[in-house]
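From a predicted model like this one, the values you see are computed outputs, not experimental measurements. Letters go in sequence order (proteins before strands), and every chain restarts at 1.
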Number of protein chains: 2
Amino acid sequence: MRHIAESTIRRLSLYLRFLEEFEQGGISTVSSEELAQRGGTTSAQVRKDLSFFGSFGKRGLGYDVHELAERLRQIMGLGREWKVIIIGAGKIGTALAAYRGFRERGFSVIAVYDSSPDKIGGKVDGFTVRDIRNLSRDAQREKPDIAVLTIPAEGAQEVVDRLVASGIRAVLSFAPAQLQVPPTVALKNMNMAMELESLSFALTNQD
Amino acid sequence: MRHIAESTIRRLSLYLRFLEEFEQGGISTVSSEELAQRGGTTSAQVRKDLSFFGSFGKRGLGYDVHELAERLRQIMGLGREWKVIIIGAGKIGTALAAYRGFRERGFSVIAVYDSSPDKIGGKVDGFTVRDIRNLSRDAQREKPDIAVLTIPAEGAQEVVDRLVASGIRAVLSFAPAQLQVPPTVALKNMNMAMELESLSFALTNQD
DNA sequence: ACATGTGAACTGCTTCACAGCG
DNA sequence: CGCTGTGAAGCAGTTCACATGT
């Protein structure tokens, strides 16, 4: 497949959410203009984004809400269940483990890990916190798809290296660190400090 | 000032973190190439990013770590304390209220709000959870700089409208919704579902 | 008539490459 | 000589505008 821009993927994810809202609202047809307004973009952008994957609309009419939603789910790989492990049983890790929204969208937490003896063996939302030293062994057996890192920046690279060696292919990191992974592994960062600093810049430099 | 790209701001935030690590490590001089390697970019990119704000380096030598860090803090508006309120005393809101890293970087949580009678009046990391109905009144008195939204998508727009009316100028939203704000208000989203779906796409479409 | 799908034009970010200066 | 600072070139993502199909 031709290379797809990250920004396109993020918009597809948005469109899908809107389509699901329309589905629930009983709306059966939608135009690129309507999707664009909801998503804060333009109708041409919506059509271009979709055009990378095919032609899903009817000229003069628009898109069938249910059909387009189904296509997007297929494109995004959301027709299946992804096995997620959470590394770090601190506040954020615990909050994520308890978050029901993930499962609804096909992301199932299967285990929570930590390195602290205080946490290992304890319960987090029904999961017994596992010793991070068993990560590689477990990963080879259970083959998780996505690892979510909710650990401090120090040591994060070491854990990522271990995950990669165990065959993980996708990582979502909350650690405020720039992690190195081979090009075969997908890595996304959620860096709250960076977002707050962006806001600080905006506040400082807006009139 | 000439318009600065969001991507540039995010990199400056990265560079600053690296510089602070170098400062702690006792390294006094750094080249654009060294910053680039750490940040996964190129030396030309680093120099271009900095060039929007001035010339901070010495030709043939590089940048003074301490001086450049100071300049970046100034550019990003990190020389002062920003007052942060957290809206939503659920798992994520509670985790953020307790996170010490924010204060260290100049972001001080001054209050936590919720709409649930179960939560209002309770304690979250030393803060008495306030009734969200008092948000406007409090905001006018306390003038928070940044609101962090950790509430469900439903109702998020209404809360944002209230915040905007109360004079807030920066919002960091964890709600999986596309919020509308006037152009005078800076808005950043942290959308975990979107990041996970990006990873799902990558897993599905990588060979 | 209406809204899609898409080449072409445009905009803006990134990379190049080298002049400038310590 | 080495590394910065920066115009120019290159490239990627967005917007335009219209031919196409219903």
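Inspection of the B/Q157 and B/D161 side chains reveals an N or O donor paired with an N or O acceptor under 3.5 Å.
For B/Y99 and B/F102, the ring centers are positioned less than 6.0 Å apart.
Comment: A/E6 does not engage A/R11 in a salt bridge, judged by the lack of any side-chain N to carboxylate O separation of less than 4.0 angstrom. Of the charged side-chain nitrogens involved, at least one lies within less than 4.0 Å of a carboxylate oxygen, so that A/R73 and A/E20 count as a salt-bridged pair. With respect to the salt-bridge test (charged N to carboxylate O, under 4.0 angstrom), the residues A/D145 and A/K83 do not qualify.
For the pair B/L68 CG and D/dT4 P, the interatomic distance rounds to 11 Å; values are reported in whole Å. If you measure from atom NE2 of A/H3 to atom C1' of D/dC11, you get 13 Å, rounded to the nearest angstrom.
The outermost nucleotides of DNA chain C lying under 4.0 Å from heavy atoms of chain A, listed 5' to 3', are C/dC2 to C/dA8.
Interatomic distance, B/T41 OG1 to A/Q178 CD, rounded to the nearest 0.5 Å: 9.5 Å.
Remark: A/R38 is positioned above the aromatic ring of A/F22, its terminal NZ or CZ atom under 6.0 angstrom from the ring centre and at most 45 degrees off the axis.
For the pair A/R130/A/D138, a side-chain contact is recorded, criterion being any heavy-atom separation below 4.5 Å from C-beta on. The shortest distance between side-chain heavy atoms of B/N134 and B/I132 does not fall below 4.5 Å. At least one side-chain heavy atom of B/S198 sits less than 4.5 Å from a side-chain heavy atom of A/R10.
Residues of residues 6-13 of chain A having a heavy atom closer than 4.0 Å to DNA chain D, listed by number: A/S7, A/R11. Within residues 31-62 of chain B, the residues approached by DNA chain C to less than 4.0 Å at the level of any non-hydrogen atom are B/T42, B/A44, B/Q45, B/R47, B/K48, B/R59, in residue-number order.
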